[in-house]
Amino acid sequence: YNIQLRAHPSTEADPIAYQTGPVELAANQRVTALAAGLLASNDAADQFRVLPLSEDFADPGAGNAIVRIVHASPDAPTVDIDVLNDGTSEITDLERFEDTGTAGVALTAGSPLAIGIRSGGMLVTTFTTPALGAGDEYFVIAAGLLAQADPAAADAFKLLVVDQDESIGFIQQD
């Protein structure tokens with residue numbers, strides 16, 4: 001496959017803004033494609049890309065949900081994820097445009113979760129998730145610009161959540 005993207009609104013006659021080049025998929029392989037980065041950038045550290053994320057979620061275990069966390073913020077540094085925001089990071093050194101792996105991470109379902117985002121040992125921001133469904137699968141994607149001073153702005157740093165039913169929602173910073 002060669003994924004081609006054009007600016008909205010556009011037609012097939014409009015120029016291609018970005019294309020992946022060949023992306024090979026195995027038969028019956030389930031993949032989520034995530035667009036991330038800055039389209040106008042020429043800097044390899046933050047330029048636009050499509051991340052093909054193969055799906056093979058693990059069994060979350062009783063009372064848990066399974067979550068695959070993707071760091072897709074083009075200006076945020078390498079981060080640590082502190083589930084419960086208790087000062088102990090369960091996920092460390094998550095680099096920009098990387099994720100926690102195809103199996104995902106089991107998180108307690110049934111109650112909202114406080115999530116701390118840390119970098120260099122310092123708390124950067126916090127989020128509170130809604131209650132996750134037991135046995136459900138989620139992509140949680142760190143998106144937007146950390147440098148955006150107004151956390152309510154459209155391009156502000158936030159979490160994009162996509163569940164197995166492809167329901168999508170944003171979680172704003174606390």
Side-chain angles (χ1 to χ4, degrees), residues 1-61 64-81 83 90-107 115 117 119 124 127 129 132-133 135-148 153-172:
Y1 296 92
N2 179 27
I3 301 169
Q4 298 176 340
L5 302 173
R6 292 176 173 81
H8 175 76
S10 65
T11 68
E12 259 187 62
D14 290 322
I16 296 169
Y18 177 84
Q19 62 183 325
T20 60
V23 175
E24 293 191 29
L25 300 177
N28 300 317
Q29 183 179 9
R30 188 171 169 174
V31 174
T32 294
L34 175 64
L38 302 173
L39 193 56
S41 177
N42 292 319
D43 183 349
D46 64 7
Q47 70 188 24
F48 190 82
R49 67 206 63 213
V50 173
L51 305 173
L53 303 170
S54 295
E55 294 184 33
D56 192 15
F57 287 100
D59 180 343
N64 293 325
I66 196 78
V67 177
R68 185 168 179 184
I69 302 167
V70 183
H71 182 344
S73 172
D75 73 336
T78 298
V79 297
D80 300 331
I81 311 295
V83 179
E90 288 76 13
I91 300 163
T92 58
D93 299 321
L94 186 57
E95 294 183 24
R96 185 181 307 159
F97 305 125
E98 297 295 325
D99 67 273
T100 55
T102 58
V105 177
L107 295 179
I115 305 293
I117 307 294
S119 182
V124 175
F127 296 90
T129 72
L132 303 174
D136 289 349
E137 299 171 349
Y138 299 89
F139 276 98
V140 176
I141 303 155
L145 300 173
L146 189 59
Q148 171 55 263
D155 63 349
F157 188 70
K158 61 186 72 102
L159 301 179
L160 170 62
V161 180
V162 182
D163 69 14
Q164 73 273 359
D165 298 322
E166 299 176 9
S167 296
I168 299 173
F170 284 101
I171 301 172
Q172 305 292 333

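As the structure is a prediction and not an experimental result, all values here were calculated from the model.
- Distance CD1/Ile66 to OH/Tyr138: 11.5 Å, rounded to 0.5 Å.
- Panel note: side chain Glu98, backbone Glu95; no donor-acceptor pair is recorded below 3.5 Å.
- Minimum interatomic distance between Ala7 and Ala17 (heavy atoms only, all atoms of both residues): N-CB, 4.4 Å.
- Counting heavy atoms from C-beta outward, Asn2 and Thr20 have side chains that approach closer than 4.5 Å.
- The two residues Gly133 and Ala65 make their nearest non-hydrogen contact at O-CB, 3.4 Å.
- Interatomic distance, CG of Leu159 versus CD1 of Ile117, reported as 6.0 Å (0.5 Å rounding).
- Atom OG1 of Thr102 sits about 10.0 Å away from atom CD of Glu55, to the nearest 0.5 Å.
- Qualifying salt bridge (Lys or Arg N to Asp or Glu O under 4.0 Å) partners for Glu90, counting only residues two or more places apart in sequence or in other chains: none.
- Side chain of Gln4 to main chain of Ile16: no donor-acceptor pair is present (N/O by atom type, distance under 3.5 Å, no hydrogens or angles).
- The two atoms that bring Asp14 and Arg6 nearest to each other are O-NE, 2.9 Å, heavy atoms only.
- Once rounded to the nearest 0.5 Å, the distance linking CG of Asp136 with CZ of Phe57 reads 11.0 Å.
- Between Val31 and Leu53, the closest side-chain pair of non-hydrogen atoms is not below 4.5 Å.
- Between Leu38 and Leu145, the closest heavy-atom pair is CD2-CD2, 4.2 Å.
- Atom CG in Asp59 sits 9.5 Å away from atom CD in Glu137 (nearest 0.5 Å).
- In this structure, the side chains of Thr78 and Ser119 stay at 4.5 Å or more apart for every pair of heavy atoms.
- A donor-acceptor pair is defined here as one N or O able to donate and one able to accept, closer than 3.5 Å; such a pair exists between the side chain of Asp80 and the backbone of Asp93.
- Considering every non-hydrogen atom in both Ala72 and Ala36, the closest pair reads CB-CB, 3.8 Å.
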Asn64 and Leu107: CA distance, side-chain angles, deciding distance, side chain to side chain contact (heavy atoms under 4.5 Å, CB included) verdict: CA-CA 5 Å; Asn64 293 325; Leu107 295 179; over 6 Å; no

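- Around atom CG of Asp43, more than 12 heavy atoms belonging to other residues, nucleotides or ligands sit under 6.0 Å away.
- Using modelled atom types, one side-chain atom of Arg68 and one backbone atom of Gly101 make a donor-acceptor pair closer than 3.5 Å.
- Looking at Thr100, its side chain does come within 3.5 Å of a backbone N or O of Ile69 through a donor-acceptor pair.
- Note on ring orientation: taking the six-membered ring where Trp is involved, the planes of Phe127 and Phe157 are tilted (angle from 30° to 60°).
- For the side chain to side chain contact (heavy atoms under 4.5 Å, CB included) with Phe139, the lone residue among Val70, Asp163, Asp99 that qualifies is Val70.
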Side chain to side chain contact (heavy atoms under 4.5 Å, CB included) evaluation trace for Leu5 with Val50: CA-CA 10 Å; Leu5 302 173; Val50 173; 4.3 Å; yes

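- To the nearest 0.5 Å, the span separating OG on Ser41 from CG on Asp46 amounts to 3.5 Å.
- Closest non-hydrogen pair, Pro74 versus Gly144, comes out as CD-O, 3.6 Å.
- Although no hydrogens or angles enter the test, the distance criterion places a donor-acceptor pair under 3.5 Å between the side chain of Asp75 and the main chain of Ala147.
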Derivation of the side chain to side chain contact (heavy atoms under 4.5 Å, CB included) call for Val79 and Ile81: CA-CA 7 Å; Val79 297; Ile81 311 295; 4.1 Å; yes

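- A donor-acceptor pair is defined here as one N or O able to donate and one able to accept, closer than 3.5 Å; no such pair exists between the side chain of Tyr18 and the backbone of Ile3.
- Residues satisfying the ring pair (Phe, Tyr, Trp, His ring centres under 6.0 Å) test with Phe97, not counting sequence neighbours, are none.
- For the pair Asp165 (side chain) and Ser167 (backbone), a donor-acceptor distance under 3.5 Å is absent.
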